[in-house]
Amino acid sequence: MSEEGRLERLTSMMRRRGIVLPSFEIYGGVSGLIDYGPVGARIKRRVVESWVDHWTSQGDVVEIDSPSITPKEVLVASGHVGEFNDHMSECISCGGIFRSDHLIEGSHPNPDSISGREIDDVISAEGVTCPNCEEFNWNPAKPMNLMFPTTIGAMKGGREAYMRPETAQGMFMLYPSLYRHFKQKLPFGALQTGRGYRNEISPRQGMIRLREFNMAELEYFIDPEDPPTGDIGEWGTPVELVPDPEGGSSETHRITFADALEKGMIKHPTVAWFLARTWDFLVGIGIDGSKIRFRQHTSTEMAHYASDCWDCEIFGEYGWIECVGIANRTCHDLESHEEHSGTNLLRGWRQYSEPVLVKREVLSPIGSVIGPIFKGKASDVSDALSGLEEIPGNLPFSIDIGEGDIVEITSEMVTRRVEEVNVHGEWFTPHVVEPAFGIDRIIWHVIDHAFNESGKDGEEYTILSLDERVTPFDVSVLPLFDKDGMDELARHLASEINSIPGIRADIDTSRSIGRRYARADEIGVPWAITVDHTSLEDGTVTVRRRDDQMQIRAPMEMVIEGISSRSLNGMF
RNA sequence: GCGCCUGUAGUGAAGGGGUUAUCACAAGAGGUUUCCAACCUCUUGUCCCGGGUUCAAAUCCCGGCGGGCGCACCA
């Protein structure tokens with residue numbers, strides 16, 4: 001079948017078979033919101049489960065789950081509010097786009113916090129002209145924040161909040177608990193899957209750019225002075241890398257991860273490790289390895305929080321689409337949350353291999369002297385003395401005890417001595433390497449790559465060649481005829497298969513057997529078990545393999561065992 | 001958000017100011033049939049929403065919503 005119209009046939013099939021459909025369709029639909037139907041939801045669940053399994057099997061990664069509703073302060077600290085809450089004004093005459101608050105600076109007491117309409121009023125009232133072409137010809141200011149605002153609590157007491165634009169902040173919020181869980185030893189990671197919300201200006205391309213979408217993010221906390229490397233030598237297959245063109249070499253390379261790291265194309269060993277593990281995951285759920293490439297971000301497109309970033313792009317009906325972002329977020333988030341929240345719990349302890357003996361000169365306050373002299377201020381004086389970076393050579397001297405209050409310290413008030421302490425380590429802010437997966441985009445490409453229209457016996461025929469890990473059903477049970485006891489036996493068999501943990505059987509009794517095979521093939525069910533007259537006599541059934549329509553006959557118990565151990569292939 | 005195109009059963013399409021809106025496939029019931037979309041009978045189900053023009057609108061006009069493409073945007 002020709003490639004022309006393939007996208008339409010694929011999306012039609014997905015609608016018709018209940019994989020992915022527009023949401024709220026009886027009310028006209030909402031762009032950027034989709035439903036997973038009965039078949040799609042199962043595929044999605046299995047993709048997500050495969051993802052969680054893939055990373056948690058590493059041993060030092062755990063799963064968490066945090067709220068979608070996020071107080072504003074968190075997103076202020078993360079930078080999402082500041083970076084994305086601006087109104088933009090567009091000049092109709094020259095097409096220039098400017099931050100509205102910059103245009104009206106000086107004309108309004110608080111240009112940061114007013115509505116678009118107010119901005120336009122101020123621009124009109126003040127006759128602000130375009131900095132570029134001097135014209136006065138503005139489009140209405142458009143808010144550029146892509147977060148959905150909401151309020152926690154009712155009425156006046158409400159607290160400002162947003163629907164989370166990423167799940168990552170949840171992992172940062174839980175850092176102290178994770179640090180305890182991992183016995184205060186780095187590196188470790190935490191992941192979560194869930195919804196993220198971005199009020200896209202113009203969602204397009206079906207399920208590629210959504211307003212509410214499924215993310216799967218992993219934050220891996222490391223000591224920047226001792227970054228974990230992993231053995232990336234295992235990945236012998238060359239992959240396609242597109243390094244940052246500003247870094248000198250812009251052409252695509254086919255190169256192994258190990259070589260790319262050695263040559264400096266991938267800058268960070270932990271990032272290289274995650275690139276390789278990401279490759280594994282994608283290929284493992286059925287993405288075509290020849291349609292994967294990794295592209296390094298240029299400094300201009302880098303997120304506000306990242307220092308080095310690679311996109312994993314997958315090729316499909318929409319061209320190359322970013323499906324995974326792997327970023328070295330450094331200490332940006334933890335440091336910023338420490339600063340904004342005032343906590344000091346977002347750190348790691350770096351134990352020295354040898355304790356370091358540190359000699360330190362101190363002036364220790366003599367309480368019996370300082371107390372009576374300074375009374376209520378005495379403890380401030382003591383704190384100021386112990387906080388001194390440098391000990392003055394001569395007494396008396398003046399010291400600031402806070403809020404500009406300066407007092408004089410005389411030699412009677414203090415004892416000068418030298419402290420010797422063994423320092424065993426130091427606190428530092430961990431760095432974070434983050435692989436962030438767009439689950440919906442990955443599901444799209446899994447289905448796209450599996451959508452096989454190559455036909456059968458010269459006729460049009462479609463098979464969804466999904467990997468067994470992500471099929472909607474493990475097996476379809478089909479009574480050859482829906483009567484004469486075959487129906488009952490089939491139902492019995494289906495319920496037996498369904499009682500195996502993690503295995504789902506579908507039963508299909510209507511219309512001809514060929515048609516039912518076709519229906520199962522179309523949504524990627526890998527095995528079909530047919531109950532026929534012989535089954536009633538000797539308890540054997542036929543097992544049909546989706547990908548080559550090969551068929552064998554075997555006793556039911558053996559088939560059930562084969563399904564349970566996922567070893568049906570061995571029977572062919 | 002702007003521009004161009006567009007919206008008819010589950011899917012894909014035809015038609016179109018005037019009786020009961022057409023076709024294929026799909027789906028449901030029954031029959032037939034000893035394993036690959038067969039066949040026969042019957043059945044269900046559609047003009048995106050709102051306004052306007054008109055005696056009459058699914059059809060023409062306007063707006064909204066949805067979809068496609070281009071520009072812009074895309075942490």
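Partner of A:Glu313 under the salt bridge (Lys or Arg N to Asp or Glu O under 4.0 Å) criterion, chosen from A:Arg293, A:Arg441, A:Lys291: A:Arg293.
Whole-Å rounding puts the A:Ile34 CD1 to B:G66 P distance at 15 Å. Taking atom CG of residue A:Leu33 and atom C1' of nucleotide B:C65, one finds them 13 Å apart after rounding to whole Å. Look at CD1 on A:Ile208: it is 16 Å from C1' on B:C69, rounded to the nearest Å. Rounded to whole Å, atom P of B:C73 lies 12 Å from atom CG of A:Leu146. Between the CG atom of A:Asp538 and the C1' atom of B:U34 there is a distance of 14 Å, rounded to whole Å. Whole-Å rounding puts the A:Asp482 CG to B:G30 P distance at 8 Å. For the pair A:Phe213 CZ and B:A75 P, the computed distance is 10 Å after rounding to whole Å. For the pair A:Met14 CE and B:G10 C1', the computed distance is 16 Å after rounding to whole Å.
Ring pair A:Trp444/A:Phe213: centre-to-centre distance not below 6.0 Å. Here the two rings, on A:Trp55 and A:Phe274, have centers that are under 6.0 Å apart. Centroid-to-centroid, the aromatic rings of A:Phe281 and A:Phe437 come within less than 6.0 Å. Ring centers of A:Phe294 and A:Trp310: at least 6.0 Å apart, outside the cut-off. Here the two rings, on A:Tyr175 and A:Phe221, have centers that are under 6.0 Å apart.
Using a cut-off of 4.0 Å between Lys/Arg side-chain N and Asp/Glu carboxylate O, A:Arg164 and A:Glu212 are scored as not salt-bridged.
One donor-acceptor pair, N or O on each side, does fall under 3.5 Å between the base of B:C73 and the side chain of A:Arg209. Remark: the A:Arg16 side chain and the B:G12 base include no donor-acceptor N/O pair separated by less than 3.5 Å.
Applying the Watson-Crick and G-U wobble criteria (two distances, each under 3.5 Å), B:G66 pairs with B:U6. A 3.5 Å limit on both hydrogen-bonding distances identifies B:G1 as the Watson-Crick or G-U partner of B:C71. Base pairing annotation: B:G16 forms no Watson-Crick or G-U wobble pair, as no partner gives both donor-acceptor distances under 3.5 Å. The nucleotide B:A57 finds no pairing partner, because no Watson-Crick or G-U wobble arrangement with both distances shorter than 3.5 Å includes it. Judged by Watson-Crick or G-U wobble contacts below 3.5 Å, the nucleotide B:G30 has B:C40 as its partner.
Between B:C74, B:G66, B:A72, one nucleotide has an atom nearer to the side chain of A:Val30 than all others, and that is B:G66. Among B:G12, B:U33, B:A72, the nucleotide with an atom closest to any side-chain atom of A:Arg15 is B:G12.
Of the side-chain N and O atoms in A:Ser31, none sit less than 4.0 angstrom from OP1 or OP2 of B:C65.
To the nearest whole angstrom, the two C1' atoms, one in B:C36 and one in B:C42, are 26 Å apart. Taking atom P on both nucleotides, B:G63 is separated from B:U46 by 29 Å, rounded to a whole Å. Straight-line distance between the C1' atoms of B:A14 and B:U34: roughly 41 Å, to the nearest whole Å. Comparing the P positions of B:G17 and B:G28 gives a spacing of 37 Å, expressed to the nearest Å. For the P atoms, the distance from B:U8 to B:G66 is 16 Å, rounded to whole Å. For the C1' atoms, the distance linking B:A9 with B:A26 amounts to 11 Å, nearest Å. Rounded to whole Å, the C1' atom of B:C73 lies 45 Å from the corresponding atom of B:U44. Comparing the same atom, C1', in B:U32 and in B:U41 gives a spacing of 11 Å after rounding to whole Å.
A:Gly325 comes within 4.0 angstrom of no nucleic acid atom, judged by non-hydrogen atoms across all strands. Residue contacts shown for A:Thr534 are absent, as no nucleic acid heavy atom lies under 4.0 Å away. Across all strands shown, A:Pro165 has heavy atoms under 4.0 Å from base atoms, whether or not it also approaches the sugar-phosphate.
A:Gln192 and A:Ser66 are linked by a side-chain donor-acceptor pair at a separation below 3.5 angstrom, with hydrogens and angles left out of the test. For the 3.5 Å distance criterion, the side chains of A:Glu522 and A:Thr462 fail to qualify, holding no donor opposite an acceptor. Judged purely by distance below 3.5 Å, without hydrogens or angles, the side chains of A:Thr330 and A:His332 never pair a donor atom with an acceptor atom. Side-chain contact, A:Asp532 with A:Ser535: a donor N or O sits under 3.5 Å from an acceptor N or O.
Within 6.0 Å of NE2 on A:His340 lie more than 12 heavy atoms contributed by other residues, nucleotides or ligands.
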Counting primed atoms, P, OP1 and OP2 as sugar-phosphate and everything else as base, the B/S/- map of nucleotides 35-51 of chain B against protein heavy atoms under 4.0 Å is BBBS-------------

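For A:Arg441 and A:Met13, each mapped to the nucleotide of RNA chain B holding its nearest heavy atom, the one lying further toward the 5' end belongs to A:Met13.
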Could you write out each protein N or O paired with an N or O of nucleotides 61-63 of chain B at a distance under 3.5 Å?
none

